[in-house]
Amino acid sequence: MTSPQLTAPTIRRLTLEDLARCADLSDDRGWPREEHKWGLLLSAGTGYGVDAPDGHGLAAACVVTSYGASVTAPELAAVGMVLVAERYARQGLGRRLMTHVCDNVLQGVPLTLHATPFGQPLYEDLGFQVVGRTEMLTGPFSLDIAAEPGAGPAATPARSTVRPATAEDLPRILALDAEVFGTDRTHVLTRLPAFSDLFLVAEDTTGRLTGYTAAWPNMQTHVIGPLIAEDTATAQALVGALAARTDRPLRTDIDVRHHELIDWLKAHGMQSVAFNAVMTRSVPDLPGDRTRRWAPLTVAAG
């Protein structure tokens, strides 16, 4: 049965009441449902979607997460979860939705997104340019594999100690993150304690904050993100501490320029499963300090 053609789709704002419809759309395209992640994105960001004219859920959706001190004039916005139902594919609906978001809702706002190889040509047509890549790794993390002969690179000796984050750490986390990310993410990071199962900080011998990370549940895995650290040793210490506190397989997306950490993760049992292009529009590169930014909270939110 042929689905109705979408000649003039009405794009509307999505709310948390649309969470199940968004998860159904993920299902439709063979993605994990990821209801936990959809809940964060729809509460911390703004969803846009098109209702399916056949009355069955959504025909398309995406989420925008805006950053900066001003809600009405964000300094940066991340676009993610751009999905079109299979029965409405190849009708230009994804392009229409992205054009509406980029040229109407976010006109003039610097934008970023993570693109799959399939989606990258569309985003290039819309004026996005590639500024980097991330490598997705997943799998069980073996804590003792480095002790085996020929197991690969060992951890760099850490100069920081790792412990669970407390409420008193939050102001320092927000300050460090704004410095590294290049703009304010308070409205997202303050949700981390409730959103994540594990939330850790790293400090040097003077008590100075040198990094932080979280692990949040996504289907059968724990996703590592954000991962902010001043050097490879601190990043390894944070990941190792997360791995020691969970029995789930891990998943994360690491900037490919951090090849030492990627090699270390692979030596501990994680495997490469995909690469995404980091893209920007209306800004030549991402703000902040990418040498200390190892993994995003999620590729859907930058």
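In what follows, residues are counted from 1 in the order of the sequence shown.
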Salt-bridge present ([X], [Y]; N to O < 4.0 Å):
X    : Y    : value
D103 : R281 : yes
E203 : R208 : no
K266 : D263 : no
R12  : D18  : yes
D51  : R21  : no
R133 : D255 : no

Close side-chain approach of [X] and [Y], heavy atoms under 4.5 Å:
X    : Y    : result
H268 : L143 : no
L137 : I254 : yes
K37  : T298 : yes
V109 : S282 : no
R96  : Q91  : no
L58  : D24  : no
P117 : F275 : no
D204 : L209 : no

Where is the tightest heavy-atom contact between [X] and [Y], given as atom of each residue plus distance?
X    : Y    : result
T234 : S160 : OG1-OG, 3.6 Å
T246 : R248 : OG1-N, 3.0 Å
R245 : P164 : NH2-CD, 4.0 Å
R29  : V84  : NH1-O, 2.5 Å
E135 : V256 : N-CG1, 3.9 Å
H36  : P217 : CD2-O, 3.3 Å

Distance-only, no hydrogens or angles: does the H114 side chain make a donor-acceptor pair with backbone N or O of A301 under 3.5 Å?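 No, H114 side chain to A301 backbone: no donor-acceptor pair under 3.5 Å.
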Distance, nearest 0.5 Å, that separates [atom1] of [X] from [atom2] of [Y]:
X    : Y    : atom1 : atom2 : result
T134 : N276 : OG1   : CG    : 4.5 Å
M136 : T252 : CE    : OG1   : 9.0 Å
L14  : T46  : CG    : OG1   : 9.5 Å

Can D54 and Y88 be said to form a side-chain hydrogen bond (donor to acceptor under 3.5 Å, both in side chains), step by step? CA-CA 10 Å; D54 61 10; Y88 296 107; 3.2 Å; yes
Tell me whether the count of non-hydrogen atoms from other residues, nucleotides or ligands lying under 6.0 Å of CG in N104 goes above 12.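 Yes, the 6.0 Å shell around CG holds more than 12 heavy atoms from other groups.
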Is the count of non-hydrogen atoms from other residues, nucleotides or ligands lying under 6.0 Å from Q271 atom CD greater than 12? no
What is the ring orientation for Y67 with F181, classed by angle as parallel under 30°, tilted 30 to 60°, or perpendicular over 60°?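 Ring orientation, 0 to 90° scale: perpendicular.
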Is it the case that one hydrophobic cluster holds both [X] and [Y], taking links as side-chain heavy atoms less than 4.5 Å apart, direct or via other members?
X    : Y    : answer
L113 : V278 : no
Y212 : V162 : no
W31  : V82  : no
L250 : L261 : yes
L227 : L174 : no

May I ask you to check whether F199 and W216 place their ring centres under 6.0 Å from each other?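 Centroid separation for W216 and F199: 6.0 Å or greater.
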Could you go step by step and tell me if D197 and H222 meet the side-chain hydrogen bond (donor to acceptor under 3.5 Å, both in side chains) rule? CA-CA 8 Å; D197 287 342; H222 266 134; 2.8 Å; yes
Tell me, with the steps shown, if N218 and T221 meet side-chain hydrogen bond (donor to acceptor under 3.5 Å, both in side chains). CA-CA 5 Å; N218 191 326; T221 67; 5.1 Å; no
Does R191 make a cation-pi contact with F195 (under 6.0 Å, within 45 degrees of the axis)? no
With distance as the sole criterion, is a donor-acceptor pair present between the side chains of T213 and W294 under 3.5 Å?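 Not at all, the side chains of T213 and W294 share no donor-acceptor pair under 3.5 Å.
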